[in-house]
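Read through the structure below, which is laid out as structure tokens, and then see the notes.
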Amino acid sequence: MSSGDDEQSQALAKPTFTEVQASAVVESVFGLKVSKIQPLPSYDDQNFHVHISKIKDTSDGPIEYVLKISNTEASKNPDLIEVQNHIIMFLKAAGFPTASVCRTKGDNTTSLMSVDSGTEIKSYLVRLLTYLPGKPIAKIPVSSQLLYEIGRLAAKLDKALEKFHHPKLSNLHRENFIWNLKNIPLLEKYVDALGQNRNREIVEQVIQLFKKEVMTKLSHFRECINHGDLNDHNILVESSKSAFGDAVYQVSGILDFGDMSYGYYVFEVAITIMYMMIESKNPIQVGGHVLAGFESIIPLTAVERSALFLLVCSRFCQSLVMATYSCQLHPENKEYLMITAKTGWKHLQQMFDMGQKAVEEIWFETAKSYESGISL
């Protein structure tokens, strides 16, 4: 497939259901009567916030849901989405604040919808999840204590998934999946989207360093299933008042399991650090608090720790390059796609300018301070 065809197929991949069509899906596939429906922001799928009309003789079941319509590419792999659904259910049963997966009228967790676009028939996988309350982390001031808790959450999640079994689990070995951190070299196909500037120079340097310093160490990292996208919009929190009257936040929801794949413990903590840096006024400080939380559950080995700086830089590159590229395909979704870019390039440049040794010193000293009970 030529790059032109590839761009076209990606441009066509995102669903474009209207609110009326989405309501009809909820009613026909899941047998629920919609009272209100509104679109939710999304990357390359389509999501709707759905309110259900209460029927008098029903019990106190949920009345708010999220309808997820997978893009045409993802819809070609129903087994992968089935595994994701079963992971969400497994984590819910294990006490994690994930959504509940709703069954179709045919008692399945997904349904394949065929839509005639006039020129071709397109197929989309649809599913319905309960709506989780709370605010995204991106909308609140994040304390060092909350960063620590998020680090713990990331590690607990990976650890819990060690016990997850499913006959189709091999679908999480997603070899050329652009969002798996081990696939940083695949970014070379997309760097032209950046033009010629310092940002591109940094990205190209990170890719070369990754090939030399991370690819050669992968066999020494401990493998696991990664959530792979614990970003500041995929973690929800709710507040309660402390004894001093100020707001204390607890995690109330974990969203979006669409980027799950086999990876490594160190990938999960690197991805989490990078996304927690996005909204922070002191981004370089963030890593130590997240790392301390993660290592309170899963201590990293020396070789994993030595790769952490480059892995965080690599995730910045993934997010920033793919956002720029996707904006060229979907200019109408620019505001959502460029959320990370607002501060991301600045943070990546700062990390790069400071260098690995200086950044690691801050991270590792902060993490060490938790051992003595005095967090920095």
Side-chain angles (χ1 to χ4, degrees), residues 15 17-72 74-115 123-134 136 157 160-161 164-169 171-172 227 229 233-236 238 251-260:
F17 280 58
T18 64
E19 289 169 29
V20 172
Q21 288 172 318
S23 290
V25 168
V26 175
E27 295 184 17
S28 64
V29 176
F30 298 95
L32 297 169
K33 182 77 179 154
V34 177
S35 62
K36 183 180 162 193
I37 190 164
Q38 59 211 108
L40 291 168
S42 59
Y43 195 87
D44 54 8
D45 296 324
Q46 203 178 9
N47 298 328
F48 289 91
H49 184 181
V50 181
H51 293 255
I52 298 300
S53 303
K54 270 291 195 188
I55 301 164
K56 285 175 189 167
D57 59 353
T58 58
S59 60
D60 297 331
I63 57 167
E64 291 181 71
Y65 296 86
V66 174
L67 174 69
K68 296 183 77 69
I69 305 169
S70 297
N71 65 64
T72 49
S75 297
K76 290 173 185 169
N77 192 350
D79 288 351
L80 175 63
I81 291 175
E82 185 188 329
V83 170
Q84 290 167 9
N85 278 343
H86 281 272
I87 283 176
I88 293 169
M89 293 188 283
F90 171 84
L91 290 171
K92 175 95 176 161
F96 287 86
T98 58
S100 296
V101 179
C102 306
R103 297 270 173 183
T104 67
K105 288 199 286 191
D107 200 31
N108 299 307
T109 62
T110 60
S111 180
L112 195 62
M113 302 285 299
S114 293
V115 179
S123 295
Y124 300 99
L125 266 177
V126 299
R127 51 191 164 146
L128 196 68
L129 306 175
T130 51
Y131 182 84
L132 293 172
L157 200 126
L161 289 175
F164 177 76
H165 301 287
H166 191 276
K168 297 172 182 174
L169 194 57
N171 281 276
L172 290 183
H227 175 283
D229 197 15
H233 290 266
N234 285 343
I235 300 173
L236 302 177
E238 287 188 315
V251 174
S252 62
I254 307 166
L255 306 177
D256 197 351
F257 288 76
D259 284 356
M260 297 200 83

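Numbering starts at 1 and runs along the sequence shown. Keep in mind the model is a prediction, meaning the values are calculated, not measured.
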[atom1]/[X] to [atom2]/[Y] distance, rounded to the nearest 0.5 angstrom?
| X | Y | atom1 | atom2 | result |
| --- | --- | --- | --- | --- |
| Ile63 | Thr130 | CD1 | OG1 | 12.5 Å |
| Asp79 | Asn171 | CG | CG | 5.0 Å |
| Tyr131 | Leu255 | OH | CG | 9.0 Å |
| Glu27 | Lys33 | CD | NZ | 4.5 Å |
| Lys76 | Ile81 | NZ | CD1 | 12.5 Å |
| Arg127 | Thr104 | CZ | OG1 | 13.5 Å |

Any idea which heavy atoms bring [X] and [Y] closest together, and the distance?
| X | Y | answer |
| --- | --- | --- |
| Leu161 | Ile87 | CD2-CG2, 3.8 Å |
| Gly134 | Glu238 | CA-CG, 3.8 Å |
| Ser123 | Ser114 | OG-OG, 3.5 Å |
| Val34 | Ser23 | CG1-OG, 3.7 Å |
| Phe30 | Arg103 | CD2-O, 3.5 Å |

With side chains defined as the heavy atoms from C-beta onward, is the minimum distance between [X] and [Y] less than 4.5 Å?
| X | Y | answer |
| --- | --- | --- |
| Phe48 | Leu40 | no |
| Gln46 | Pro39 | no |
| Val115 | Phe17 | yes |
| Lys36 | His49 | no |
| Leu80 | Gln84 | yes |

| query | Aromatic rings His166 and His86: how do their planes relate, parallel, tilted or perpendicular, breaks at 30° and 60°? | reply | tilted
[X] side chain to [Y] main-chain N or O, any donor-acceptor pair under 3.5 Å?
| X | Y | result |
| --- | --- | --- |
| Asp45 | Asn71 | yes |
| Asn108 | Thr110 | no |
| Ser75 | Ser70 | yes |
| Asp256 | Asn234 | no |
| Glu82 | Thr109 | no |

| request: Apply the test side chain to side chain contact (heavy atoms under 4.5 Å, CB included) to residues Ile69 and Met113: give CA-CA distance (whole Å), side-chain angles for both, the deciding distance (0.1 Å), then the verdict. | output: CA-CA 9 Å; Ile69 305 169; Met113 302 285 299; over 6 Å; no
| request: Report the C-alpha separation of Leu129 and Tyr65 in whole Å, then their side-chain angles, then the decisive distance to 0.1 Å, and conclude whether the side chain to side chain contact (heavy atoms under 4.5 Å, CB included) test is met. | output: CA-CA 6 Å; Leu129 306 175; Tyr65 296 86; over 6 Å; no
| said: Pair Val26, Ile52 - check side chain to side chain contact (heavy atoms under 4.5 Å, CB included), show working. | reply: CA-CA 9 Å; Val26 175; Ile52 298 300; 4.1 Å; yes
If you look only at distance, which donor and acceptor atoms sit under 3.5 Å apart when one is on a side chain in residues 88-100 and the other is two or more places apart or in another chain?
unit_1, atom_1, unit_2, atom_2, d
Lys92, NZ, Thr98, O, 3.4
Thr98, OG1, Ile88, O, 3.1
Thr98, OG1, Lys92, N, 3.3

| message | If you apply the rule side chain to side chain contact (heavy atoms under 4.5 Å, CB included), what do you find for Val50 with Leu32, and how did you get there? | response | CA-CA 10 Å; Val50 181; Leu32 297 169; over 6 Å; no
